[in-house]
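Worksheet: one structure, shown below.
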Amino acid sequence: MIDEFAKENLHGRLRRDREALLWKLDGLSEYDARRPLTVTGTNLLGLVKHVATVEARYFGEVFDRPSPEPLSRWQDADGSDQWAAEGETRDQIVGFYRRTWEHSDATIDELPVDAPGHVPWWPEPYTDTNLFAVLVHVLGETVRHTGHADILREGLDGRTGLRPEHEQQIDEEARAVYRAKIEEAARAAAPIKA
């Protein structure tokens, strides 16, 4: 009983956060969706591509249910799953992610929560695992990268939040006052030396 509850709860949260990640692309130009927004090159469309690749590997290879999407061997990972090449369209990457969901959802739905899996890229003695552990891991990765996307999107145009129905109109003045309050507290706690 608890196993099914845990599986359904984790799966439901994964579905919610997948949608949140894609929402971070809404209304952005091709340039803003792709451009590097940190010194390490992190970008919104690349986060979607990376999370899709991670999910395809974990709910595919780990349970001997290879993704129908073409993936390079995990041993050959070179970081190219973290950005969109010139010839890749947003629609292709979003489509890859959505098709990965279908494959992942089938794996999650068809296997029991204790179904054995093997993650060859994890260190020993952790390579042998189960669906529950993989669900927790992939949900953690998705939440982490959705948080990155939220910060990146806020930096682009101020939009924040988990879902469009909870988004509120941006009040620049209120944000500035709130930010100034935090800045003042930080300065008071650690005075800047001249």
Side-chain angles (χ1 to χ4, degrees), residues 2 5-55 57-58 77-85 88 90 93-94 97 100-101 104 119 121-123 126 129 132-194:
I2 191 69
F5 171 80
K7 183 172 128 175
E8 288 174 19
N9 191 280
L10 292 170
H11 195 185
R13 290 187 177 268
L14 178 61
R15 286 181 172 123
R16 177 197 69 186
D17 291 328
R18 288 169 175 162
E19 292 289 350
L21 179 57
L22 284 186
W23 178 51
K24 298 303 169 184
L25 296 173
D26 280 2
L28 289 179
S29 69
E30 279 304 310
Y31 176 69
D32 283 340
R34 296 165 173 270
R35 70 181 168 124
L37 297 166
T38 68
V39 296
T40 59
T42 306
N43 62 92
L44 288 162
L45 194 55
L47 287 171
V48 172
K49 185 178 175 184
H50 173 68
V51 171
T53 302
V54 165
E55 190 169 318
R57 289 199 192 291
Y58 277 98
D78 61 1
S80 61
D81 71 323
Q82 297 181 2
W83 57 281
E88 292 177 296
R90 181 189 320 210
I93 291 171
V94 168
Y97 193 25
T100 294
W101 297 357
S104 298
V119 186
W121 50 89
W122 283 1
Y126 308 106
T129 189
F132 178 81
V134 169
L135 255 169
V136 169
H137 180 80
V138 172
L139 177 60
E141 285 287 311
T142 305
V143 168
R144 177 176 179 240
H145 293 308
T146 301
H148 293 147
D150 197 37
I151 296 294
L152 295 178
R153 183 64 190 252
E154 181 180 349
L156 284 171
D157 62 9
R159 290 180 67 183
T160 62
L162 181 62
R163 294 191 298 268
E165 63 268 22
H166 295 176
E167 188 175 23
Q168 297 179 358
Q169 194 72 357
I170 298 169
D171 182 342
E172 295 293 343
E173 187 176 322
R175 281 187 176 180
V177 168
Y178 183 70
R179 188 181 186 291
K181 179 180 174 179
I182 297 169
E183 179 67 27
E184 183 179 322
R187 288 181 186 277
I192 298 173
K193 297 180 182 179

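Because only heavy atoms are used, hydrogens play no part in the values below, and waters and symmetry mates are left out as well, while side chains stay in.
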Any donor-acceptor pair under 3.5 Å linking the side chain of D171 with the backbone of A174? yes
Would you say that L10 contacts F132 through its side chain, given a criterion of any heavy-atom pair below 4.5 Å between the two side chains? yes
Name the orientation class of the two ring planes belonging to H50 and H145 (parallel below 30°, tilted from 30 to 60°, perpendicular beyond 60°). perpendicular
Say whether, by atom type as modelled, one donor and one acceptor occur between the side chain of K49 and the main chain of S80 under 3.5 angstrom. yes
Does a side chain donor of either E55 or T100 reach within less than 3.5 Å of an acceptor in the other side chain? no
E154 vs T160, test: side chain to side chain donor-acceptor pair (under 3.5 Å). Steps then yes/no. CA-CA 6 Å; E154 181 180 349; T160 62; 5.8 Å; no
Between the main-chain N or O of T142 and the side-chain N or O of T146, is there a donor-acceptor pair closer than 3.5 Å? yes
Heavy-atom closest pair (A149 atom, L47 atom, distance to 0.1 Å) is N-CD1, 3.7 Å
Is the closest side-chain heavy-atom distance between T42 and W83 below 4.5 Å? no
Does N43 reach the main-chain N or O of L152 with its side chain, forming a donor-acceptor pair under 3.5 Å? no
Separation of N9 CG from L139 CG (nearest 0.5 Å): 9.0 Å
Of R34, E88, R35, Q82, which meets side chain to side chain contact (heavy atoms under 4.5 Å, CB included) against L45? R34
With side chains defined as the heavy atoms from C-beta onward, is the minimum distance between Y97 and I93 less than 4.5 Å? no
Qualifying salt bridge (charged side-chain N to carboxylate O under 4.0 Å, His left out) pairs, either residue in residues 7-16, two or more places apart: R15-D105
List the atom of Y126, the atom of W122, and the distance in Å for their closest heavy-atom pair. O-CE3, 3.2 Å
Identify the heavy atoms of P36 and G41 that sit nearest to each other, and give their distance. CB-CA, 3.6 Å
Is the backbone N or O of G158 less than 3.5 Å from a side-chain atom of R175, with the two atoms forming a donor-acceptor pair by type? yes
Are the side chains of E183 and Y178 in touch, meaning some heavy atoms are under 4.5 Å apart? no
In terms of relative ring orientation, are Y58 and H137 parallel, tilted or perpendicular, with 30° and 60° separating the classes? tilted
Charged N to carboxylate O below 4.0 Å: is that the case for D157 and R153? yes
